[in-house]
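Heads up, the thing below is written out as C-alpha coordinates.
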Number of protein chains: 2
Amino acid sequence: MLPDSNRSRTSVKNEVQLSTVSVDCVIFGLEADALKVLLVQHDSGVMEGQWALPGDYIRNDIDLEKMPGMVLSQLTGLDNVFVELFDVMGKVDRVSHQRVITAAYFALINTEKYELKTGLGARDVKWVDIHNIPALIYDHNEIIKRGHEALKLKLRREPIGVELLPKLFTLTQFQRMYETILDITLDTRNFRKKIIKEGILQDSGQKEVNVPYRAPNLYSFDAEKYDELRSQGYFLNIY
Amino acid sequence: MLPDSNRSRTSVKNEVQLSTVSVDCVIFGLEADALKVLLVQHDSGVMEGQWALPGDYIRNDIDLEKMPGMVLSQLTGLDNVFVELFDVMGKVDRVSHQRVITAAYFALINTEKYELKTGLGARDVKWVDIHNIPALIYDHNEIIKRGHEALKLKLRREPIGVELLPKLFTLTQFQRMYETILDITLDTRNFRKKIIKEGILQDSGQKEVNVPYRAPNLYSFDAEKYDELRSQGYFLNIY
DNA sequence: TACCTTTATGTAAAATTTACAATATGCTCC
DNA sequence: GGAGCATATTGTAAATTTTACATAAAGGTA
(Lines give C-alpha, C1' and ligand atoms only; values in the text may rest on other atoms or scores of the structure.)
Protein backbone atom coordinates (compact mmCIF):
# COMPACT_ATOMS: atom_id res chain seq x y z
CA MET A 1 0.00 0.00 0.00
CA LEU A 2 1.20 3.46 -0.71
CA PRO A 3 -0.65 5.55 1.80
CA ASP A 4 1.13 8.83 1.37
CA SER A 5 0.16 11.85 -0.63
CA ASN A 6 1.29 10.22 -3.81
CA ARG A 7 -1.64 8.29 -5.12
CA SER A 8 -1.30 5.10 -7.11
CA ARG A 9 -1.78 5.29 -10.82
CA THR A 10 -5.09 3.55 -10.64
CA SER A 11 -6.51 6.08 -8.25
CA VAL A 12 -7.51 9.62 -8.92
CA LYS A 13 -4.59 11.87 -8.07
CA ASN A 14 -4.80 13.91 -4.93
CA GLU A 15 -8.20 12.63 -4.08
CA VAL A 16 -8.57 10.05 -1.36
CA GLN A 17 -11.18 7.48 -2.18
CA LEU A 18 -13.49 7.04 0.78
CA SER A 19 -15.77 4.12 1.42
CA THR A 20 -18.59 3.02 3.60
CA VAL A 21 -17.44 0.13 5.76
CA SER A 22 -19.48 -1.99 8.09
CA VAL A 23 -19.03 -4.95 10.38
CA ASP A 24 -21.35 -7.95 10.28
CA CYS A 25 -21.28 -10.56 13.00
CA VAL A 26 -22.25 -14.18 12.77
CA ILE A 27 -22.80 -14.80 16.44
CA PHE A 28 -23.03 -18.53 16.97
CA GLY A 29 -24.90 -19.65 20.03
CA LEU A 30 -24.14 -23.09 21.34
CA GLU A 31 -26.84 -25.01 23.11
CA ALA A 32 -26.76 -28.52 24.48
CA ASP A 33 -27.86 -29.92 21.19
CA ALA A 34 -28.14 -27.12 18.65
CA LEU A 35 -26.11 -24.41 17.02
CA LYS A 36 -27.91 -21.13 16.58
CA VAL A 37 -27.23 -17.79 14.99
CA LEU A 38 -28.27 -14.43 16.36
CA LEU A 39 -30.45 -12.39 14.00
CA VAL A 40 -31.88 -8.91 14.33
CA GLN A 41 -34.99 -7.44 12.78
CA HIS A 42 -34.66 -3.94 11.41
CA ASP A 43 -36.62 -1.34 13.26
CA SER A 44 -37.25 1.10 10.44
CA GLY A 45 -35.87 2.38 7.18
CA VAL A 46 -35.87 0.66 3.82
CA MET A 47 -35.25 -2.70 5.42
CA GLU A 48 -37.88 -2.34 8.11
CA GLY A 49 -39.12 -5.66 9.36
CA GLN A 50 -36.50 -7.68 7.59
CA TRP A 51 -34.09 -9.98 9.31
CA ALA A 52 -30.36 -9.58 9.12
CA LEU A 53 -27.09 -10.24 10.82
CA PRO A 54 -26.27 -7.86 13.63
CA GLY A 55 -23.71 -5.31 12.63
CA ASP A 56 -22.88 -1.69 12.47
CA TYR A 57 -21.07 0.88 10.43
CA ILE A 58 -17.54 1.40 11.57
CA ARG A 59 -16.38 4.47 13.39
CA ASN A 60 -13.06 5.93 12.43
CA ASP A 61 -12.03 6.50 16.01
CA ILE A 62 -12.40 2.86 16.99
CA ASP A 63 -10.14 -0.04 16.10
CA LEU A 64 -11.93 -2.20 13.59
CA GLU A 65 -11.34 -5.36 15.62
CA LYS A 66 -13.10 -3.78 18.59
CA MET A 67 -16.29 -3.27 16.61
CA PRO A 68 -17.65 -6.82 16.75
CA GLY A 69 -17.12 -6.84 20.50
CA MET A 70 -19.17 -3.68 20.78
CA VAL A 71 -21.98 -5.14 18.70
CA LEU A 72 -21.99 -8.23 20.84
CA SER A 73 -21.87 -6.25 24.01
CA GLN A 74 -24.92 -4.24 23.01
CA LEU A 75 -27.03 -7.21 22.04
CA THR A 76 -26.03 -9.66 24.74
CA GLY A 77 -24.18 -7.71 27.38
CA LEU A 78 -21.27 -10.08 26.89
CA ASP A 79 -17.69 -8.92 26.97
CA ASN A 80 -14.44 -10.68 26.27
CA VAL A 81 -15.92 -13.15 23.90
CA PHE A 82 -14.00 -15.08 21.29
CA VAL A 83 -14.39 -13.24 17.99
CA GLU A 84 -12.54 -13.71 14.72
CA LEU A 85 -12.57 -12.17 11.29
CA PHE A 86 -13.27 -14.67 8.56
CA ASP A 87 -14.10 -12.71 5.41
CA VAL A 88 -14.65 -9.37 3.80
CA MET A 89 -17.45 -8.84 1.32
CA GLY A 90 -16.72 -6.08 -1.11
CA LYS A 91 -18.63 -6.45 -4.32
CA VAL A 92 -19.78 -3.14 -5.77
CA ASP A 93 -23.41 -4.15 -5.95
CA ARG A 94 -23.80 -6.23 -2.79
CA VAL A 95 -25.87 -3.47 -1.25
CA SER A 96 -28.18 -1.35 -3.33
CA HIS A 97 -27.61 2.39 -3.77
CA GLN A 98 -24.22 2.54 -2.13
CA ARG A 99 -21.10 0.46 -2.08
CA VAL A 100 -20.62 -0.98 1.38
CA ILE A 101 -17.63 -3.10 2.25
CA THR A 102 -18.25 -5.31 5.23
CA ALA A 103 -15.86 -7.14 7.49
CA ALA A 104 -17.44 -10.43 8.57
CA TYR A 105 -16.66 -11.76 12.02
CA PHE A 106 -17.87 -14.80 13.84
CA ALA A 107 -18.22 -15.27 17.56
CA LEU A 108 -19.11 -18.27 19.64
CA ILE A 109 -21.08 -17.90 22.84
CA ASN A 110 -23.49 -19.74 25.05
CA THR A 111 -27.16 -18.96 24.39
CA GLU A 112 -28.06 -19.67 27.94
CA LYS A 113 -27.40 -17.34 30.84
CA TYR A 114 -27.52 -14.15 28.81
CA GLU A 115 -30.53 -12.03 28.08
CA LEU A 116 -30.86 -10.60 24.62
CA LYS A 117 -31.44 -6.90 24.30
CA THR A 118 -32.66 -5.06 21.27
CA GLY A 119 -30.21 -2.41 20.18
CA LEU A 120 -28.39 -1.17 17.13
CA GLY A 121 -31.62 -0.14 15.47
CA ALA A 122 -33.16 -3.56 15.93
CA ARG A 123 -36.85 -4.06 16.63
CA ASP A 124 -36.30 -7.65 17.63
CA VAL A 125 -33.46 -10.07 18.24
CA LYS A 126 -33.61 -13.84 18.23
CA TRP A 127 -31.66 -17.04 18.02
CA VAL A 128 -32.32 -19.18 14.97
CA ASP A 129 -31.13 -22.71 14.41
CA ILE A 130 -28.34 -22.89 11.85
CA HIS A 131 -30.45 -25.28 9.79
CA ASN A 132 -33.41 -22.92 9.69
CA ILE A 133 -32.09 -19.53 8.74
CA PRO A 134 -34.77 -17.50 6.94
CA ALA A 135 -34.04 -15.33 3.91
CA LEU A 136 -31.97 -12.40 5.08
CA ILE A 137 -31.08 -9.11 3.47
CA TYR A 138 -28.26 -8.71 0.98
CA ASP A 139 -25.67 -11.48 1.10
CA HIS A 140 -26.20 -12.31 4.75
CA ASN A 141 -27.21 -15.91 4.09
CA GLU A 142 -23.96 -16.42 2.23
CA ILE A 143 -22.03 -14.77 5.04
CA ILE A 144 -23.52 -17.21 7.54
CA LYS A 145 -22.58 -20.16 5.37
CA ARG A 146 -19.00 -18.99 5.13
CA GLY A 147 -18.92 -18.18 8.80
CA HIS A 148 -19.97 -21.69 9.67
CA GLU A 149 -17.23 -23.13 7.49
CA ALA A 150 -14.73 -20.85 9.21
CA LEU A 151 -16.02 -21.88 12.62
CA LYS A 152 -15.72 -25.56 11.79
CA LEU A 153 -12.19 -25.16 10.50
CA LYS A 154 -11.27 -23.18 13.58
CA LEU A 155 -12.67 -25.80 15.91
CA ARG A 156 -10.53 -28.49 14.32
CA ARG A 157 -7.46 -26.43 15.00
CA GLU A 158 -8.39 -25.06 18.40
CA PRO A 159 -10.90 -26.35 20.94
CA ILE A 160 -12.55 -22.94 21.12
CA GLY A 161 -15.72 -24.50 22.42
CA VAL A 162 -14.35 -25.47 25.84
CA GLU A 163 -14.71 -21.90 26.96
CA LEU A 164 -18.45 -22.30 26.67
CA LEU A 165 -18.51 -25.34 28.89
CA PRO A 166 -18.33 -25.15 32.66
CA LYS A 167 -14.87 -25.32 34.22
CA LEU A 168 -15.58 -28.96 34.94
CA PHE A 169 -17.51 -30.82 32.27
CA THR A 170 -18.33 -34.34 31.21
CA LEU A 171 -16.96 -36.15 28.21
CA THR A 172 -20.46 -36.29 26.83
CA GLN A 173 -20.74 -32.51 26.97
CA PHE A 174 -17.40 -32.24 25.28
CA GLN A 175 -18.40 -34.62 22.52
CA ARG A 176 -21.76 -32.93 21.97
CA MET A 177 -19.98 -29.63 21.55
CA TYR A 178 -17.99 -31.04 18.66
CA GLU A 179 -20.98 -32.78 17.17
CA THR A 180 -23.16 -29.71 17.31
CA ILE A 181 -20.65 -27.30 15.85
CA LEU A 182 -19.29 -29.65 13.20
CA ASP A 183 -22.76 -30.96 12.45
CA ILE A 184 -21.68 -34.58 12.53
CA THR A 185 -22.17 -37.65 14.72
CA LEU A 186 -19.21 -39.18 16.47
CA ASP A 187 -18.51 -42.64 17.79
CA THR A 188 -18.34 -42.24 21.55
CA ARG A 189 -15.69 -44.87 22.21
CA ASN A 190 -13.36 -43.69 19.49
CA PHE A 191 -13.84 -40.03 20.27
CA ARG A 192 -13.01 -40.57 23.92
CA LYS A 193 -10.01 -42.69 23.14
CA LYS A 194 -8.64 -40.00 20.86
CA ILE A 195 -9.23 -37.08 23.19
CA ILE A 196 -7.91 -38.93 26.21
CA LYS A 197 -4.81 -39.97 24.32
CA GLU A 198 -4.14 -36.41 23.24
CA GLY A 199 -4.10 -35.54 26.90
CA ILE A 200 -5.86 -32.20 26.63
CA LEU A 201 -8.40 -33.19 29.27
CA GLN A 202 -7.71 -33.85 32.91
CA ASP A 203 -9.89 -36.08 35.03
CA SER A 204 -10.81 -34.03 38.08
CA GLY A 205 -11.67 -37.11 40.13
CA GLN A 206 -15.05 -35.57 40.80
CA LYS A 207 -18.40 -36.72 39.55
CA GLU A 208 -21.46 -34.80 38.60
CA VAL A 209 -24.12 -34.87 41.30
CA ASN A 210 -27.90 -34.96 41.32
CA VAL A 211 -28.26 -36.74 38.02
CA PRO A 212 -30.96 -39.44 37.81
CA TYR A 213 -28.55 -41.96 36.29
CA ARG A 214 -24.93 -43.00 36.52
CA ALA A 215 -22.96 -39.91 37.51
CA PRO A 216 -20.40 -38.98 34.88
CA ASN A 217 -16.82 -38.02 35.65
CA LEU A 218 -15.89 -34.38 35.41
CA TYR A 219 -12.92 -33.18 33.40
CA SER A 220 -11.08 -29.92 33.01
CA PHE A 221 -9.26 -28.60 29.98
CA ASP A 222 -5.46 -28.71 30.09
CA ALA A 223 -4.46 -25.51 28.35
CA GLU A 224 -0.73 -26.14 28.70
CA LYS A 225 -0.94 -29.52 27.09
CA TYR A 226 -3.00 -28.09 24.31
CA ASP A 227 -0.58 -25.21 23.69
CA GLU A 228 2.13 -27.80 23.29
CA LEU A 229 0.09 -29.58 20.65
CA ARG A 230 -0.83 -26.40 18.84
CA SER A 231 2.78 -25.37 18.50
CA GLN A 232 3.23 -28.55 16.50
CA GLY A 233 0.41 -27.71 14.11
CA TYR A 234 -2.63 -29.31 15.69
CA PHE A 235 -5.50 -30.48 13.55
CA LEU A 236 -8.26 -32.70 14.86
CA ASN A 237 -9.20 -35.38 12.36
CA ILE A 238 -12.58 -36.75 13.36
CA TYR A 239 -15.40 -37.71 11.05
CA MET B 1 -25.54 -4.69 9.48
CA LEU B 2 -28.16 -2.07 9.10
CA PRO B 3 -27.24 -0.29 5.93
CA ASP B 4 -30.33 1.77 5.35
CA SER B 5 -31.04 5.35 6.18
CA ASN B 6 -31.58 4.45 9.78
CA ARG B 7 -28.21 4.56 11.44
CA SER B 8 -27.24 2.41 14.35
CA ARG B 9 -27.23 3.92 17.77
CA THR B 10 -23.51 3.89 17.96
CA SER B 11 -23.15 5.92 14.81
CA VAL B 12 -23.91 9.54 14.25
CA LYS B 13 -27.44 9.85 12.93
CA ASN B 14 -27.90 10.69 9.29
CA GLU B 15 -24.21 10.86 8.67
CA VAL B 16 -22.51 8.01 6.92
CA GLN B 17 -19.10 7.30 8.32
CA LEU B 18 -16.62 7.05 5.47
CA SER B 19 -13.23 5.45 5.58
CA THR B 20 -10.06 5.14 3.65
CA VAL B 21 -9.61 1.54 2.62
CA SER B 22 -6.65 -0.05 0.91
CA VAL B 23 -5.53 -3.43 -0.29
CA ASP B 24 -2.12 -4.85 0.55
CA CYS B 25 -0.80 -7.90 -1.21
CA VAL B 26 1.67 -10.43 0.08
CA ILE B 27 2.74 -11.83 -3.27
CA PHE B 28 4.67 -15.02 -2.62
CA GLY B 29 7.09 -16.05 -5.31
CA LEU B 30 8.04 -19.68 -5.42
CA GLU B 31 11.46 -20.61 -6.72
CA ALA B 32 13.08 -24.02 -6.93
CA ASP B 33 14.44 -23.67 -3.44
CA ALA B 34 13.22 -20.42 -1.93
CA LEU B 35 10.08 -18.57 -1.07
CA LYS B 36 10.16 -14.87 -1.80
CA VAL B 37 7.92 -11.89 -1.28
CA LEU B 38 7.43 -9.02 -3.71
CA LEU B 39 8.25 -5.62 -2.29
CA VAL B 40 7.97 -2.16 -3.78
CA GLN B 41 9.95 0.97 -2.99
CA HIS B 42 7.99 4.15 -2.76
CA ASP B 43 8.69 6.65 -5.47
CA SER B 44 7.92 9.84 -3.61
CA GLY B 45 5.86 11.28 -0.83
CA VAL B 46 6.35 10.89 2.88
CA MET B 47 7.46 7.32 2.47
CA GLU B 48 9.86 7.99 -0.39
CA GLY B 49 12.58 5.39 -0.65
CA GLN B 50 11.01 3.06 1.88
CA TRP B 51 10.04 -0.49 1.15
CA ALA B 52 6.53 -1.79 1.49
CA LEU B 53 4.04 -4.36 0.32
CA PRO B 54 2.46 -3.60 -3.02
CA GLY B 55 -1.04 -2.31 -2.68
CA ASP B 56 -3.44 0.38 -3.58
CA TYR B 57 -6.36 2.35 -2.33
CA ILE B 58 -9.64 0.83 -3.30
CA ARG B 59 -11.94 2.31 -5.87
CA ASN B 60 -15.62 2.33 -5.15
CA ASP B 61 -16.51 1.23 -8.65
CA ILE B 62 -14.45 -1.96 -8.48
CA ASP B 63 -15.21 -5.13 -6.57
CA LEU B 64 -12.84 -5.34 -3.63
CA GLU B 65 -11.78 -8.87 -4.54
CA LYS B 66 -10.70 -7.68 -7.97
CA MET B 67 -8.24 -5.21 -6.50
CA PRO B 68 -5.41 -7.61 -5.64
CA GLY B 69 -5.60 -9.02 -9.15
CA MET B 70 -5.18 -5.53 -10.54
CA VAL B 71 -2.19 -4.83 -8.31
CA LEU B 72 -0.62 -8.09 -9.40
CA SER B 73 -1.38 -7.46 -13.01
CA GLN B 74 0.34 -4.10 -12.92
CA LEU B 75 3.48 -5.33 -11.23
CA THR B 76 3.92 -8.66 -12.94
CA GLY B 77 1.60 -8.66 -15.92
CA LEU B 78 0.05 -11.82 -14.50
CA ASP B 79 -3.66 -12.50 -14.68
CA ASN B 80 -5.81 -15.21 -13.22
CA VAL B 81 -3.54 -15.89 -10.32
CA PHE B 82 -4.58 -17.55 -7.09
CA VAL B 83 -5.33 -14.81 -4.57
CA GLU B 84 -7.01 -15.04 -1.19
CA LEU B 85 -7.95 -12.67 1.59
CA PHE B 86 -6.39 -13.59 4.91
CA ASP B 87 -6.78 -10.61 7.21
CA VAL B 88 -7.93 -7.06 7.67
CA MET B 89 -5.87 -4.57 9.61
CA GLY B 90 -7.97 -1.85 11.13
CA LYS B 91 -6.35 -0.29 14.14
CA VAL B 92 -6.93 3.43 14.40
CA ASP B 93 -3.26 4.29 14.59
CA ARG B 94 -1.74 1.76 12.23
CA VAL B 95 -1.02 4.52 9.73
CA SER B 96 -0.11 7.97 10.85
CA HIS B 97 -2.32 10.99 10.15
CA GLN B 98 -5.28 9.06 8.81
CA ARG B 99 -7.10 5.90 9.66
CA VAL B 100 -6.61 3.40 6.86
CA ILE B 101 -8.24 0.01 6.94
CA THR B 102 -6.46 -2.47 4.76
CA ALA B 103 -7.57 -5.80 3.37
CA ALA B 104 -4.61 -8.16 3.25
CA TYR B 105 -4.43 -10.71 0.46
CA PHE B 106 -1.85 -13.28 -0.41
CA ALA B 107 -1.03 -14.65 -3.82
CA LEU B 108 1.28 -17.40 -4.93
CA ILE B 109 3.12 -17.19 -8.23
CA ASN B 110 6.27 -18.33 -9.92
CA THR B 111 9.10 -15.79 -9.81
CA GLU B 112 10.52 -17.10 -13.05
CA LYS B 113 9.06 -16.36 -16.45
CA TYR B 114 7.61 -13.02 -15.50
CA GLU B 115 9.24 -9.67 -15.72
CA LEU B 116 8.62 -7.23 -12.91
CA LYS B 117 7.46 -3.77 -13.80
CA THR B 118 7.47 -0.75 -11.60
CA GLY B 119 4.01 0.69 -11.23
CA LEU B 120 1.59 1.87 -8.58
CA GLY B 121 3.89 4.71 -7.57
CA ALA B 122 6.84 2.39 -7.07
CA ARG B 123 10.40 3.43 -7.85
CA ASP B 124 11.60 -0.12 -7.64
CA VAL B 125 10.22 -3.63 -7.25
CA LYS B 126 12.04 -6.70 -6.07
CA TRP B 127 11.75 -10.21 -4.72
CA VAL B 128 13.07 -10.73 -1.22
CA ASP B 129 13.57 -14.07 0.49
CA ILE B 130 10.97 -14.68 3.19
CA HIS B 131 13.78 -15.09 5.72
CA ASN B 132 15.32 -11.74 4.85
CA ILE B 133 12.53 -9.21 4.82
CA PRO B 134 13.84 -5.73 5.69
CA ALA B 135 12.00 -3.31 7.92
CA LEU B 136 8.92 -2.16 6.07
CA ILE B 137 6.52 0.70 6.63
CA TYR B 138 3.64 0.53 9.08
CA ASP B 139 2.62 -3.00 10.03
CA HIS B 140 3.74 -4.59 6.79
CA ASN B 141 6.21 -6.94 8.43
CA GLU B 142 3.42 -8.25 10.62
CA ILE B 143 1.16 -8.63 7.59
CA ILE B 144 3.78 -10.77 5.87
CA LYS B 145 4.13 -12.98 8.91
CA ARG B 146 0.40 -13.54 9.07
CA GLY B 147 0.25 -14.04 5.33
CA HIS B 148 2.83 -16.78 5.54
CA GLU B 149 0.86 -18.54 8.24
CA ALA B 150 -2.25 -18.31 6.09
CA LEU B 151 -0.37 -19.64 3.08
CA LYS B 152 0.96 -22.59 5.04
CA LEU B 153 -2.46 -23.45 6.39
CA LYS B 154 -3.95 -23.17 2.93
CA LEU B 155 -1.33 -25.46 1.44
CA ARG B 156 -2.13 -28.17 3.94
CA ARG B 157 -5.74 -28.05 2.89
CA GLU B 158 -5.28 -27.53 -0.84
CA PRO B 159 -2.27 -28.26 -3.01
CA ILE B 160 -2.33 -24.73 -4.39
CA GLY B 161 1.31 -24.99 -5.37
CA VAL B 162 0.79 -27.47 -8.21
CA GLU B 163 -0.43 -24.69 -10.42
CA LEU B 164 3.05 -23.24 -10.30
CA LEU B 165 4.66 -26.45 -11.45
CA PRO B 166 4.69 -27.51 -15.09
CA LYS B 167 1.81 -29.70 -16.26
CA LEU B 168 4.15 -32.65 -15.86
CA PHE B 169 6.50 -32.53 -12.89
CA THR B 170 8.72 -34.78 -10.85
CA LEU B 171 8.08 -35.97 -7.34
CA THR B 172 11.16 -34.10 -6.27
CA GLN B 173 9.74 -30.85 -7.59
CA PHE B 174 6.49 -31.61 -5.82
CA GLN B 175 8.25 -32.29 -2.55
CA ARG B 176 10.45 -29.19 -2.80
CA MET B 177 7.35 -27.10 -3.28
CA TYR B 178 5.97 -28.28 0.05
CA GLU B 179 9.31 -27.93 1.78
CA THR B 180 9.87 -24.42 0.53
CA ILE B 181 6.44 -23.09 1.35
CA LEU B 182 6.09 -24.85 4.69
CA ASP B 183 9.72 -24.16 5.56
CA ILE B 184 10.40 -27.70 6.67
CA THR B 185 12.38 -30.71 5.51
CA LEU B 186 10.58 -33.89 4.56
CA ASP B 187 11.62 -37.51 4.41
CA THR B 188 11.54 -38.41 0.73
CA ARG B 189 10.42 -42.00 1.10
CA ASN B 190 7.62 -41.24 3.51
CA PHE B 191 6.45 -38.18 1.62
CA ARG B 192 6.22 -40.12 -1.63
CA LYS B 193 4.44 -43.02 -0.01
CA LYS B 194 1.85 -40.67 1.45
CA ILE B 195 1.23 -38.68 -1.70
CA ILE B 196 1.12 -41.76 -3.92
CA LYS B 197 -1.31 -43.43 -1.56
CA GLU B 198 -3.59 -40.41 -1.58
CA GLY B 199 -3.76 -40.84 -5.33
CA ILE B 200 -3.71 -37.16 -6.23
CA LEU B 201 -0.79 -37.67 -8.63
CA GLN B 202 -0.83 -39.67 -11.83
CA ASP B 203 2.29 -41.20 -13.31
CA SER B 204 2.40 -40.03 -16.92
CA GLY B 205 4.69 -42.85 -17.96
CA GLN B 206 7.09 -40.25 -19.33
CA LYS B 207 10.50 -39.34 -18.03
CA GLU B 208 12.30 -36.07 -17.93
CA VAL B 209 14.93 -35.80 -20.68
CA ASN B 210 18.37 -34.22 -20.92
CA VAL B 211 19.20 -34.53 -17.28
CA PRO B 212 22.76 -35.56 -16.40
CA TYR B 213 21.60 -38.25 -13.99
CA ARG B 214 18.86 -40.78 -13.66
CA ALA B 215 15.82 -39.37 -15.42
CA PRO B 216 12.91 -38.88 -13.03
CA ASN B 217 9.37 -39.93 -13.80
CA LEU B 218 6.88 -37.20 -14.64
CA TYR B 219 3.55 -36.90 -12.90
CA SER B 220 0.41 -34.87 -13.39
CA PHE B 221 -2.04 -33.65 -10.79
CA ASP B 222 -5.36 -35.48 -10.57
CA ALA B 223 -7.82 -32.72 -9.82
CA GLU B 224 -10.83 -35.03 -9.68
CA LYS B 225 -9.25 -37.29 -7.13
CA TYR B 226 -8.26 -34.29 -5.08
CA ASP B 227 -11.76 -32.78 -5.19
CA GLU B 228 -13.04 -36.05 -3.82
CA LEU B 229 -10.62 -35.80 -0.93
CA ARG B 230 -11.36 -32.17 -0.26
CA SER B 231 -15.07 -32.82 0.02
CA GLN B 232 -14.19 -35.08 2.93
CA GLY B 233 -12.22 -32.38 4.71
CA TYR B 234 -8.68 -32.83 3.48
CA PHE B 235 -5.76 -31.86 5.67
CA LEU B 236 -2.21 -32.89 4.90
CA ASN B 237 -0.37 -33.94 8.02
CA ILE B 238 3.33 -33.86 7.26
CA TYR B 239 6.08 -32.68 9.52
C1' DT C 1 34.10 -48.45 -17.66
C1' DA C 2 34.41 -45.95 -13.51
C1' DC C 3 32.29 -42.19 -11.41
C1' DC C 4 29.06 -38.73 -10.17
C1' DT C 5 24.46 -37.25 -9.15
C1' DT C 6 19.91 -37.86 -8.40
C1' DT C 7 15.92 -41.12 -8.43
C1' DA C 8 13.53 -44.79 -6.62
C1' DT C 9 12.23 -47.98 -3.39
C1' DG C 10 11.23 -51.80 1.22
C1' DT C 11 10.53 -53.22 5.64
C1' DA C 12 9.79 -54.11 10.27
C1' DA C 13 8.09 -52.03 14.51
C1' DA C 14 5.11 -48.93 16.55
C1' DA C 15 1.16 -46.27 16.66
C1' DT C 16 -3.31 -45.20 15.14
C1' DT C 17 -7.75 -45.95 13.26
C1' DT C 18 -11.87 -48.44 12.65
C1' DA C 19 -15.93 -50.96 13.61
C1' DC C 20 -18.46 -52.97 17.01
C1' DA C 21 -21.91 -54.01 21.95
C1' DA C 22 -21.90 -55.34 26.60
C1' DT C 23 -21.48 -53.93 31.36
C1' DA C 24 -21.51 -50.49 35.18
C1' DT C 25 -23.79 -46.91 37.94
C1' DG C 26 -26.85 -43.99 40.02
C1' DC C 27 -31.37 -42.89 40.63
C1' DT C 28 -36.52 -43.64 40.74
C1' DC C 29 -40.45 -46.09 41.48
C1' DC C 30 -42.87 -49.74 43.25
C1' DG D 1 -34.89 -53.84 48.63
C1' DG D 2 -35.40 -54.96 43.98
C1' DA D 3 -36.65 -53.99 39.18
C1' DG D 4 -36.37 -50.74 35.79
C1' DC D 5 -34.58 -46.76 33.48
C1' DA D 6 -31.14 -43.78 31.47
C1' DT D 7 -26.75 -42.66 30.66
C1' DA D 8 -21.64 -43.58 31.35
C1' DT D 9 -17.92 -46.31 30.60
C1' DT D 10 -14.97 -49.45 28.53
C1' DG D 11 -12.04 -53.46 25.07
C1' DT D 12 -10.46 -55.74 21.25
C1' DA D 13 -9.05 -57.54 17.05
C1' DA D 14 -8.13 -56.25 12.29
C1' DA D 15 -6.71 -52.97 9.20
C1' DT D 16 -4.30 -49.04 8.23
C1' DT D 17 -0.93 -45.64 8.87
C1' DT D 18 3.21 -43.77 10.56
C1' DT D 19 7.95 -43.82 11.54
C1' DA D 20 12.75 -44.48 11.04
C1' DC D 21 16.16 -45.75 8.24
C1' DA D 22 19.96 -47.18 3.71
C1' DT D 23 20.80 -49.22 -0.55
C1' DA D 24 20.37 -50.11 -5.36
C1' DA D 25 19.18 -48.19 -10.01
C1' DA D 26 19.70 -45.14 -13.85
C1' DG D 27 21.44 -41.69 -16.85
C1' DG D 28 25.09 -38.87 -18.18
C1' DT D 29 30.03 -37.51 -18.05
C1' DA D 30 34.92 -38.05 -18.22
Side-chain angles (χ1 to χ4, degrees), chain A residues 31-33 156 165-166 168-180 182 184-221 225-226 228-229 232-239, chain B residues 31-33 156 165-166 168-180 182 184-221 225-226 228-229 232-239:
Chain A
E31 300 192 343
D33 229 19
R156 285 178 183 276
L165 300 178
L168 294 179
F169 49 85
T170 69
L171 286 178
T172 299
Q173 283 177 297
F174 195 68
Q175 180 180 341
R176 293 280 174 274
M177 187 262 289
Y178 278 90
E179 291 181 321
T180 303
L182 297 178
I184 56 182
T185 301
L186 297 168
D187 179 273
T188 301
R189 275 176 293 189
N190 292 341
F191 177 78
R192 289 179 178 216
K193 247 183 304 180
K194 183 156 207 164
I195 295 296
I196 295 296
K197 185 168 41 196
E198 282 178 347
I200 57 175
L201 298 189
Q202 280 185 325
D203 191 335
S204 70
Q206 300 178 54
K207 286 180 189 300
E208 198 160 354
V209 293
N210 286 334
V211 283
Y213 42 77
R214 176 173 180 176
N217 289 340
L218 292 171
Y219 291 80
S220 64
F221 180 65
K225 184 70 185 176
Y226 164 69
E228 202 184 309
L229 288 181
Q232 294 159 31
Y234 181 75
F235 195 86
L236 180 62
N237 282 304
I238 47 175
Y239 307 102
Chain B
E31 299 191 345
D33 229 20
R156 285 179 183 275
L165 300 177
L168 295 179
F169 50 84
T170 70
L171 286 177
T172 300
Q173 285 178 297
F174 195 69
Q175 181 180 339
R176 293 280 174 277
M177 187 262 287
Y178 278 90
E179 291 182 322
T180 303
L182 297 178
I184 57 180
T185 301
L186 297 168
D187 179 274
T188 302
R189 276 175 295 189
N190 293 341
F191 177 78
R192 289 180 178 215
K193 246 183 305 181
K194 183 155 209 165
I195 296 295
I196 295 296
K197 185 168 42 197
E198 283 179 347
I200 58 175
L201 297 190
Q202 279 185 326
D203 191 333
S204 69
Q206 300 177 53
K207 285 179 190 301
E208 197 160 354
V209 291
N210 286 334
V211 282
Y213 44 77
R214 177 172 178 176
N217 290 341
L218 292 171
Y219 292 79
S220 64
F221 180 66
K225 183 69 184 177
Y226 163 69
E228 201 184 310
L229 288 181
Q232 295 158 32
Y234 181 75
F235 194 85
L236 180 61
N237 282 305
I238 48 176
Y239 307 102

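The figures that follow rest on heavy atoms only: side chains count, while hydrogens, waters and symmetry mates do not. The chains referred to below are lettered A, B, ... by the order of the sequence lines, with proteins before strands, and numbering in each begins at 1. Computed from a predicted structure; not experimentally measured.
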| Going from CZ on B:R214 to NZ on B:K207, what distance comes out if it is rounded to the nearest 0.5 angstrom? | 6.5 Å
| request: Applying salt bridge (Lys or Arg N to Asp or Glu O under 4.0 Å), name anything that partners A:E208, two or more places apart in sequence or on another chain. | output: none
| query | Side chain of A:K194, backbone of A:L236: donor and acceptor closer than 3.5 Å? | reply | no
| request: For A:S220, check side chain to side chain donor-acceptor pair (under 3.5 Å) against everything at least two apart and list the hits. | output: none
| Footprint string (nucleotides 11-21 of chain D, 5' to 3'): B base within contact, S backbone only, - free, heavy atoms under 4.0 Å | BB----SSBBB
| message | Tell me the closest heavy-atom pair linking A:A32 and A:T180, and the distance in Å. | response | O-OG1, 4.0 Å
| message | Taking A:F235's backbone N and O only, do any of them form a donor-acceptor pair with A:R156's side chain (distance below 3.5 Å, no angle check)? | response | no
| Value in whole Å for how far the P atom of D:dA8 lies from CZ of A:F191 | 13 Å
| message | Among residues at least two apart in sequence or on other chains, which ones pass salt bridge (Lys or Arg N to Asp or Glu O under 4.0 Å) with B:R176? | response | B:E179
| query | Between CG of A:L186 and CD1 of A:I238, what distance do you get to the nearest 0.5 Å? | reply | 4.5 Å
| field | Shortest non-hydrogen contact from A:L201 toward A:Y219 | value | CB-CD2, 4.1 Å
| field | Nucleotides bounding contact with chain A, strand DNA chain C, heavy-atom threshold 4.0 Å | value | C:dT16 to C:dC27
| field | Distance, nearest 0.5 Å, that separates CZ of B:F174 from CG of B:L165 | value | 7.5 Å
| Between D:dT9 (C1') and A:Q175 (CD): distance, integer Å | 12 Å
| note | Here the residues of residues 206-214 of chain A within 4.0 Å heavy-atom distance, strictly under, of DNA chain C are A:K207, A:V211, A:P212, A:Y213, A:R214
| task | Look at all strands and tell whether A:T170 reaches a base, only sugar-phosphate, or nothing, counting heavy atoms closer than 4.0 Å. | result | nothing
